[in-house]
Every structure is written in C-alpha cells, then in structure tokens.
Amino acid sequence: DAAGNTLTGRTVTWASNDEAVATVSTSGLVMGVAAGSATITATSEGQSGTATVTVTMPAIVFRRSDSAPEIYRVGTDGVTQVQLTNNSAGDYEPFWSPDGSKIAFLSDRDGNREIYVMNENGSAQVRITDNPAEDRHPSWSPDGSRIVFWSDRDGNAEIYVMNADGSNPVRLTNNTATDAAPTWSGDGSQIVFYSLRSGAGDIYRMNVDGSDQVRLTNNQAGDFDPEFSPDGSKIAFTSVRDGGDAEIYVMDADGSNQTR
C-alpha cells in the first residue's frame, strides 16, 4: 500500500513490457534475460504501479586447464581473461550467484571435491561443504539464498539443497541410482536434473522440496545436463540419442516437443 505494507488477499497481475530483457512470474519474481531496461507493471483492483529494471549481464566464468584447472572470468567481448583461483589442485564448475556478486565452484584443494564460494573478483574463497565424499555441481536458487548440488555422501550420487553459507543441507532424492546435475527454474519452484534410475540417463523434474519427481525423457541413449529457460517454459539438455557426439536439444517444461 502507500505506506509500504504488504497487501494480502489481493489478486495481482504482473507484466513486463519487454520480455526479451526481463520476464516476471505470476508471483512477481523478475528474471533478467538480456542486457537492457524493461518496465514491470503490477495491477490489482484497477490500480497499477510500475518499476523500471535495468539488466546488466555479468562476465563469463569458466575453467581453464593449464598446469592445473583454474577458474577464470572473461568479459562478454571475450578479450580480457582474469584468473580468479590459483592453487596446485583443481578448481572446476563455476556458477554465478543471481546478483553477480559471488561465484560457487568445485575444488579438490583440500583432498577431495568440495563446494566453495568466492567474491566475483576471486577474493574471500570459502569452503562451504566438508565431508569425505564428493560434493559437486552447485547451482544457486534465483533469490540467492540456497544452493542445490549433488553428492555421494550417503553412498551414491543424490541431490541436496543447502543454505548459501553451507548450513542445513537437506537430501532431496533417495534411490540406488545416480541423480546429478541439478539446476533451478527461474521462479525458484522446481529443480531439473538427470538420473540413471531407469538405466540410461534421463531428465527429471521435481519440486524444490523433492516431491513430485517426474520423468521427462525416455530413450535408450543418454540425456544429461538440463537447464531451464529463464521463463521456465523450456528445458535445454544434451543427448546422444542420435548416435555419435552429444548434441543440444530443447523441450517444453513438461517433456513434450523434444527438438534437436
């Protein structure tokens, strides 16, 4: 309301005037898509309010293998590469936080593969998981408060979620096969991952509490590494279903219309 209090029990309609720059979910969560500005409008009971959001795309982070794998950052022009980690072990799998201020990554610098977080310039590198097993593939929630990852700490690869500081890890999947490579949907309501529970690699989707696990692909080859589109309507993934090298496919979020 005018005093800044949260209104409850009202129906609010959200809209973006440029979904090529920023989308907005039915709950009002804004997701940047490309650099630029967009106007977000909220309408309820005949009254509207607007806000302009400016999206700046962060640099690209990647692993480069020299004497040991290290994390680098490069601008979108691809010109200036900046080394962010430097140790005799290996650093892998960097993922930006949603606000671009931090990077989660994997490292075996302490003897086994654990998840670390650092500032965007490489400073303040902090280990946030600590157990004798492997913890891998960190992916931030859209609001930056949690990280989903996979670990074999309970005997085989399963999917877990924890707070962004590493506290309160919770196991989301529980079966004898591998579940791995989890990523969040843009609205933070679902997680997509691949699993070997059917024999070959297939793509699954579940709620963020681990409930309602749904198989989206079904073939005798392998489907891996799924990623939601920013608006949550599509999922990209890799597959070897057509023989030879892995190729990139896209499907609707319900598993239909799988297209190479």
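Source: prediction; values computed, not measured.
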**Study point:** Short side-chain to backbone donor-acceptor contact, T238 and E247, under 3.5 Å
**Key:** no

Review point. Does Y249 have R241 sitting over its ring (NZ/CZ under 6.0 Å from centre, angle to axis within 45°)?
Key: yes

Practice item. Over all heavy atoms of both residues, which pair between A68 and S88 is shortest? Give the atoms and the distance, please. Key: CB-O, 3.9 Å

Study note, to complete from the structure: Only residue of E114, R136, R153, R113 satisfying side chain to side chain donor-acceptor pair (under 3.5 Å) with T129 is E114

Check your understanding: If you look at every heavy atom in R215 and T217, which pair is closest and at what distance?
Key -> NE-O, 3.0 Å

Check your understanding: Are E45 and R10 close enough for a salt bridge, meaning some N to O gap below 4.0 Å?
Key -> yes

Exercise for review: Please check if the side chain of S97 supplies one atom and the backbone of K102 the other of a donor-acceptor pair under 3.5 Å.
Suggested key: yes

Check your understanding: Does the side-chain contact (heavy atoms from CB on, under 4.5 Å) test come out yes or no for V170 and N168, once each step is laid out?
Key -> CA-CA 6 Å; V170 176; N168 193 33; 4.1 Å; yes

Check your understanding: If you group Ile, Leu, Val, Met, Phe, Trp and Tyr by side-chain heavy-atom gaps below 4.5 Å, do W96 and L106 land in one group?
Key -> no

Practice item. Name all residues meeting the ring pair (Phe, Tyr, Trp, His ring centres under 6.0 Å) criterion together with F95; count only those two or more places apart in sequence or in a different chain, and write none if there are none. Key: H137

Revision key, fill the gap. All heavy atoms of Y194 vs all of D225, minimum pair found to be CD2-N, 3.8 Å

Point to revise | ILVMFWY cluster, M251 and V214 together (side-chain gap under 4.5 Å) | key: yes

**Study point:** Check: P94 and I103 side chains under 4.5 Å, non-hydrogen atoms
**Key:** yes

Exercise for review: Supply the atom-to-atom distance N87 CG to S107 OG, rounded to the nearest 0.5 angstrom.
Suggested key: 5.0 Å

Study note, to complete from the structure: In this structure, CG of D152 is separated from CG of D135 (nearest 0.5 Å) by 7.5 Å

Point to revise | Closest approach of G188 to V208 (non-hydrogen atoms, all atoms of both residues) | key: O-CG1, 3.1 Å

Review point. In terms of side-chain heavy atoms, does S239 have a donor or acceptor partner in D223 at a distance below 3.5 Å?
Key: yes

Check your understanding: Just by modelled atom types, is the D165 backbone N or O under 3.5 Å from a matching donor or acceptor in the N163 side chain?
Key -> no

**Study point:** Side chain proximity check, D202 to N219, heavy atoms < 4.5 angstrom
**Key:** yes

Point to revise | Atom of A42, atom of W14 and distance for their closest heavy-atom approach | key: CB-CZ3, 3.6 Å

Check your understanding: Under a 4.5 Å side-chain heavy-atom rule over Ile, Leu, Val, Met, Phe, Trp and Tyr, are F105 and Y92 clustered together?
Key -> no

Review point. Mind checking whether I60 and R73 have side chains closer than 4.5 Å, heavy atoms only?
Key: no

Check your understanding: Can M206 and T173 be said to form a side-chain contact (heavy atoms from CB on, under 4.5 Å), step by step?
Key -> CA-CA 9 Å; M206 64 181 171; T173 63; 3.9 Å; yes

Check your understanding: Taking atom types as modelled and ignoring hydrogens, do the side chains of T43 and S48 form a donor-acceptor contact shorter than 3.5 angstrom?
Key -> yes

Check your understanding: Where is the tightest heavy-atom contact between N156 and A177, given as atom of each residue plus distance?
Key -> ND2-O, 2.7 Å

Check your understanding: Do the side chains of F193 and W184 join up, straight or via other hydrophobic residues, at under 4.5 Å, putting them in one cluster?
Key -> yes

Practice item. Supply the atom-to-atom distance I159 CD1 to W150 CH2, rounded to the nearest 0.5 angstrom. Key: 10.5 Å

Exercise for review: Nearest 0.5 Å please: distance from the CD1 atom of I203 over to the CD atom of Q258.
Suggested key: 9.0 Å

Practice item. Just do the side-chain hydrogen bond (donor to acceptor under 3.5 Å, both in side chains) check on Q81 and Y72 with the steps written out, would you? Key: CA-CA 6 Å; Q81 296 185 13; Y72 285 74; over 6 Å; no

Practice item. Using a strict cut-off of less than 4.0 Å between a Lys/Arg side-chain nitrogen and an Asp/Glu carboxylate oxygen, indicate whether R63 and D91 qualify as a salt bridge. Key: no

Practice item. For T39 and T52, indicate whether the former's side chain and the latter's backbone hold a donor-acceptor pair under 3.5 Å. Key: no

Exercise for review: Decide side-chain contact (heavy atoms from CB on, under 4.5 Å) for T178 and R197; before the verdict, give the C-alpha distance in whole Å, the side-chain angles of both, and the deciding distance to 0.1 Å.
Suggested key: CA-CA 7 Å; T178 292; R197 61 184 72 176; over 6 Å; no

Review point. Linking I/L/V/M/F/W/Y whenever their side-chain heavy atoms sit closer than 4.5 Å, directly or via other members, would I248 and L216 fall into one cluster?
Key: no

**Study point:** Any side-chain heavy-atom pair of N175 and E158 under 4.5 Å
**Key:** yes

**Study point:** Partner residues of Y160 under the ring pair (Phe, Tyr, Trp, His ring centres under 6.0 Å) criterion, sequence neighbours left out
**Key:** F149

Review point. Where the side chain of S185 meets the backbone of I191, is there a donor-acceptor pair that is under 3.5 Å apart?
Key: no

Practice item. Taking the side chain as every heavy atom from C-beta outward, state whether L84 and E70 have any pair of such atoms under 4.5 Å apart. Key: no

Point to revise | Steps toward side-chain contact (heavy atoms from CB on, under 4.5 Å) verdict (F228, R205) | key: CA-CA 10 Å; F228 273 104; R205 186 191 68 221; 4.2 Å; yes

Exercise for review: Taking atom CG of D245 as the centre, report whether more than 12 heavy atoms of other residues, nucleotides or ligands fall under 6.0 Å from it.
Suggested key: no

